[in-house]
Novice: 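Handing you this structure, nothing more for now.
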2 protein chains.
Amino acid sequence: MKSIQVYQCFCDETRLRILNLLLVGPMCVCHFSEVLGVPQPKVSRHLKALREAGALESKRCYNWTICSLPEAPSALLEVNLKCLQDLRSEEPVFKKDLKKREALMGRLLNQAEELPGQMRCLIEGC
Amino acid sequence: MKSIQVYQCFCDETRLRILNLLLVGPMCVCHFSEVLGVPQPKVSRHLKALREAGALESKRCYNWTICSLPEAPSALLEVNLKCLQDLRSEEPVFKKDLKKREALMGRLLNQAEELPGQMRCLIEGC
DNA sequence: TGCGAATATTCGCTTAAACGAATATTCTGT
DNA sequence: ACAGAATATTCGTTTAAGCGAATATTCGCA
């Protein structure tokens with residue numbers, strides 16, 4: 001039963017936090033690690049799980065791997081991503097993560113001359 | 001994170017099949033066992049999980065325990081029950097279960113004089 | 001009160017998830 | 001080709017889920 005795969009994605013807090021961040025826009029692996037305060041291998045494994053369930057797409061861009069929500073999500077996924085968005089107000093972690101994301105992005109934009117390629121990928125969608 | 005509980009409910013095929021049946025109307029524990037072809041203790045444990053996640057209500061009616069979907073489901077649950085309904089056409093098991101349910105209900109109605117109390121509960125909502 | 005049907009729970013086991021730590025791989029720029 | 005940054009994978013362990021079999025509990029009725 002294929003839809004179970006989607007539900008399994010949503011059963012883990014770290015994965016929910018990743019999806020919550022992606023609802024705002026693409027991010028790269030190392031930034032998940034930083035924003036969530038979670039070790040990189042852990043992030044990597046969860047990203048793999050999301051990818052295999054069709055809940056995430058990623059592409060290499062210079063030395064970053066930029067992750068985003070799938071362009072054509074399944075109906076089930078789409079509905080639950082919407083739910084996740086609505087859940088933001090109830091879950092302080094989500095809001096906290098978004099704040100950290102914003103701060104990180106601001107910092108990155110300041111150094112943008114030093115990492116032009118990746119930033120272009122991230123901002124303009126490469 | 002409370003919503004994870006809801007998603008965990010939807011991660012198990014047996015539970016999905018139970019919910020699918022309940023979308024049509026209330027059922028009692030022993031009938032789940034019969035319709036799904038699953039041992040009673042297994043059904044009982046899954047019902048407990050659903051109950052604890054707020055995805056099921058049940059009340060004793062004579063010697064039956066009649067289960068139904070909650071009157072006031074959470075938004076998250078409601079949305080996903082709707083999805084489950086849409087999934088019916090893609091999952092043969094669901095349709096097969098519904099057929100068996102229908103057959104069972106017909107049979108029960110024929111013996112209705114012998115079990116008036118429970119049937120009233122089941123049909124009229126007690 | 002005691003019997004039987006319906007339901008719930010416990011026990012021991014098996015399987016699957018998740019994790020940290022360490023390591024391997026991939027890629028970019030020099 | 002090499003060094004270093006970013007990412008992925010492996011290993012061994014821990015924790016959680018699910019299961020069948022057996023047993024306990026609950027409840028209606030004679």
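Quick note: numbers below take in every heavy atom, side chains included, and nothing from hydrogens, waters or symmetry partners. Each chain gets a letter, A, B and so on, in the order its sequence line appears, and its residues count up from 1.
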Novice: Near DNA chain D, under 4.0 Å by heavy atom, which residues of residues 19-36 of chain B?
Specialist: none
Novice: Starting from P on D/dG18, measure out to CE on A/M1 and report it in whole angstrom.
Specialist: 14 Å
Novice: How close or far is atom P of C/dA18 from atom CD of A/E52, stated in whole angstroms?
Specialist: 12 Å
Novice: Taking side chain to side chain donor-acceptor pair (under 3.5 Å) as the test, write out the residues that go with A/S3, two or more places apart.
Specialist: none
Novice: Taking B/E52's backbone N and O only, do any of them form a donor-acceptor pair with B/Q5's side chain (distance below 3.5 Å, no angle check)?
Specialist: yes
Novice: Please list every donor-acceptor pair under 3.5 Å in which a side-chain atom of residues 82-89 of chain B meets a protein atom from a residue at least two apart or in another chain.
Specialist:
from: B/K82; atom 1: NZ; to: B/D86; atom 2: OD1; distance (Å): 3.3
from: B/R88; atom 1: NE; to: B/N20; atom 2: OD1; distance (Å): 2.8
from: B/S89; atom 1: OG; to: B/D86; atom 2: O; distance (Å): 3.4

Novice: Between atom CG in B/L56 and atom P in C/dA8, what is the gap in whole Å?
Specialist: 10 Å
Novice: Applying side chain to side chain contact (heavy atoms under 4.5 Å, CB included) to B/F32 and B/L22, what does each step give before you reach the verdict?
Specialist: CA-CA 10 Å; B/F32 283 123; B/L22 286 177; 3.6 Å; yes
Novice: Select from A/I66 and B/P39 the residue whose nearest nucleotide in DNA chain D is closer to the 5' end of that strand.
Specialist: A/I66
Novice: Distance check needed: C/dA8 C1' versus B/L50 CG, whole Å only.
Specialist: 15 Å
Novice: Would you kindly give the NE2-to-P distance between B/H46 and C/dT7, to the nearest whole Å?
Specialist: 17 Å
Novice: B/T14: what forms a side chain to side chain donor-acceptor pair (under 3.5 Å) with it, not counting sequence neighbours?
Specialist: none
Novice: Could you write out each protein N or O paired with an N or O of nucleotides 26-30 of chain C at a distance under 3.5 Å?
Specialist:
none

Novice: Just to verify, what does B/Q118 make a side chain to side chain donor-acceptor pair (under 3.5 Å) with, not counting sequence neighbours?
Specialist: B/N63
Novice: With sequence neighbours left out, what residues match A/Q111 under side chain to side chain contact (heavy atoms under 4.5 Å, CB included)?
Specialist: A/L108, A/E114, A/L115
Novice: Checking B/Y7 now: which residues fulfil side chain to side chain donor-acceptor pair (under 3.5 Å) with it, not counting sequence neighbours?
Specialist: A/N80
Novice: What is the distance, rounded to the nearest whole Å, between atom CD1 of B/I18 and atom P of D/dG18?
Specialist: 12 Å
Novice: Please go through B/V79's hydrophobic cluster and name the other residues, only I, L, V, M, F, W, Y counting, with side-chain heavy atoms under 4.5 Å joining them.
Specialist: A/V79
Novice: Report all interatomic pairs (protein N or O, nucleotide N or O of nucleotides 9-17 of chain D) with separations under 3.5 Å.
Specialist:
from: D/dA17; atom 1: OP1; to: B/Q8; atom 2: NE2; distance (Å): 3.3

Novice: Members other than B/Y62 in its cluster, when Ile, Leu, Val, Met, Phe, Trp, Tyr link by side-chain heavy atoms under 4.5 Å?
Specialist: none
Novice: Mind jotting down which residue pairs meet the side chain to side chain donor-acceptor pair (under 3.5 Å) criterion with at least one end in residues 32-48 of chain B? Sequence neighbours excluded, please.
Specialist: B/R15-B/H46, B/E34-B/R107
